[in-house]
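Protein chains get the first letters and strands the later ones, always in sequence-line order, with residue 1 at the start of each. Not measured: the values here are computed from a predicted model.
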Protein chains: 2
Amino acid sequence: MNINIIKRKESELTHYLREKGLRLTQQRKQIIAYFFSKYKHYSVEELYEEIKPQIAGIGLATVYRTMQLLVEAGLALQRRFKDNITRYEPVHKNHHDHMICLGCGEIIEFGNKKIEAMQEEVAKRHKFVPVSHTLQLYGYCAKCMAKQRRGKREK
Amino acid sequence: MNINIIKRKESELTHYLREKGLRLTQQRKQIIAYFFSKYKHYSVEELYEEIKPQIAGIGLATVYRTMQLLVEAGLALQRRFKDNITRYEPVHKNHHDHMICLGCGEIIEFGNKKIEAMQEEVAKRHKFVPVSHTLQLYGYCAKCMAKQRRGKREK
DNA sequence: AATGATATTGATATTCATTTTCAATAAAAT
DNA sequence: ATTTTATTGAAAATGAATATCAATATCATT
Ligand SMILES: [Mn+2]
Ligand SMILES: [Mn+2]
Ligand SMILES: [Zn+2]
Ligand SMILES: [Zn+2]
């Protein structure tokens with residue numbers, strides 16, 4: 001099933017490249033094949049480390065450049081949380097925001113129409129015209145909370 | 001009136017320094033005097049540039065260190081928006097979030113209990129225990145919108 | 001007021017993520 | 001096949017922030 005997604009993404013990228021006079025290289029093909037086969041919030045460094053064994057001789061700069069390209073082409077979104085490392089996620093559904101676990105680093109996506117609506121309202125109250133926003137919750141995921149409780153009990 | 005705030009902040013810092021075995025230096029005194037006399041979201045670079053003429057020979061590293069110290073002492077808050085530059089604001093009131101103007105860079109503070117409550121709710125739904133959060137709206141402030149409208153009319 | 005212990009300073013080097021440079025290479029139009 | 005030029009990988013450069021270190025200032029103790 002993943003193979004279809006990858007084919008589609010490659011074709012979407014091809015269209016973008018063509019209209020911009022750019023080229024579809026082996027590196028670009030392989031990076032998107034890998035990136036869209038997993039669903040993660042990858043940093044370039046992480047992606048590079050995982051991809052390196054698969055793509056002989058690939059350079060870090062190429063991964064940086066390709067991820068930027070995917071954003072320009074509308075196939076990926078750039079995110080940046082507290083750790084100050086740029087991450088990329090596949091464009092897959094509607095706008096959403098993130099909860100980030102301080103214990104294990106897990107990133108949970110959530111969407112909430114009410115919160116979005118209230119943001120619009122607050123903006124209007126200040127005569128501010130919103131273009132985009134970021135909302136991040138930092139804390140501990142269910143798994144990490146359970147682990148913490150176990151740890152305390154054992155003392 | 002500002003002089004009183006500054007005196008109070010200096011005394012708060014003094015208490016913190018004493019209990020930590022640290023020292024109240026001329027540089028620290030002068031930086032807090034300046035920082036608390038303006039109400040802004042200063043980057044270290046900005047603060048350094050403004051302070052340099054007032055404090056002969058002050059070093060950039062000292063400003064970096066002092067701002068960190070103010071955070072540790074609970075007198076300042078660290079913020080970081082899209083431009084990825086660390087900024088500091090005086091602790092002055094309750095928790096709040098920010099709207100940032102993409103035109104002029106103005107930073108508008110706002111607090112909204114309903115949004116905060118909904119965040120708690122969403123977190124609970126995911127069994128996520130929130131510790132902190134950041135919410136930023138990016139867009140155009142009233143002033144910049146007016147300017148833009150004027151520009152279009154003149155064409 | 002002088003002393004001594006040590007926290008602090010300013011200059012500079014270093015770090016880390018990311019970007020830029022550039023000569024060699026590969027894509028794709030002819 | 002040839003030609004044009006976008007792309008690549010390696011290495012250098014960037015920019016914000018931190019670490020290092022010898023000189024200096026603070027401040028508790030004489
Ligand atoms: Mn949102
Ligand atoms: Mn908030
Ligand atoms: Zn976790
Ligand atoms: Zn503005």
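- In terms of position on DNA chain D, the residue among Q26(B) and L69(A) whose nearest nucleotide sits closer to the 5' end is L69(A).
- In this structure, H98(A) has its ring center no closer than 6.0 Å to that of H133(B).
- Nucleotide dT9(C) holds its C1' atom 11 Å from the CD1 atom of I31(B), rounded to whole Å.
- Of the residues near DNA chain D, R65(B) and R23(B), the one whose nearest nucleotide (by heavy atom distance) lies more toward the 5' end is R65(B).
- Nucleic acid contact for I85(A): sugar-phosphate only, since backbone atoms but no base atoms lie under 4.0 Å from a heavy atom of the residue.
- Between R18(B) atom CZ and dT26(D) atom C1' the separation is 12 Å, expressed in whole Å.
- In the set dA10(D), dA11(C), dA7(C), the nucleotide with an atom closest to the side chain of A61(B) is dA11(C).
- Atom CG in D83(A) sits about 11 Å away from atom C1' in dA17(C), given to the nearest Å.
- Sequence order on DNA chain C of the closest nucleotides to G21(B) and I55(B) puts G21(B) first from the 5' end.
- The pair E50(A)-K38(A) does not count as a salt bridge, with every side-chain nitrogen at least 4.0 angstrom from each carboxylate oxygen.
- A salt bridge links R79(B) with E89(B): the closest approach of a Lys/Arg side-chain nitrogen to an acidic carboxylate oxygen falls below 4.0 angstrom.
- Residue Q27(B) places at least one side-chain N or O under 4.0 Å from the OP1 or OP2 atom of dG10(C).
- L60(B) has its CG atom 18 Å from the P atom of dT14(C), to the nearest Å.
- Within the 4.0 Å cut-off from OP1 or OP2 of dT18(C), at least one side-chain nitrogen or oxygen of Y64(A) is found.
- Taking only side-chain nitrogens and oxygens, Q68(B) comes nearer than 4.0 Å to OP1 or OP2 of dT18(D).
- Heavy atoms of E45(B) sit nowhere under 4.0 angstrom from any nucleic acid atom.
- For the pair L22(B) CG and dA28(D) P, the computed distance is 12 Å after rounding to whole Å.
- Residue T86(A) places none of its side-chain N or O atoms closer than 4.0 Å to OP1 or OP2 of dA17(C).
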Which is it for E106(A) and H41(A) under the side-chain hydrogen bond (donor to acceptor under 3.5 Å, both in side chains) test, yes or no, and what are the steps along the way?
CA-CA 9 Å; E106(A) 207 203 344; H41(A) 294 75; over 6 Å; no
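- Straight-line distance from the OH atom of Y48(B) to the C1' atom of dA11(C): 10 Å, rounded to whole Å.
- For the OP1/OP2 pair of dA16(D) and a distance below 4.0 Å, the side-chain nitrogens and oxygens of S43(B) include no atom meeting the criterion.
- Atom CZ of R28(B) and atom P of dT8(C) are 4 Å apart (whole Å).
- Rounded to a whole Å, the CD atom of E46(A) is 11 Å from the P atom of dT18(C).
- H96(A) places a side-chain N or O within 3.5 Å of a backbone atom of N94(A) that can act as its donor or acceptor partner.
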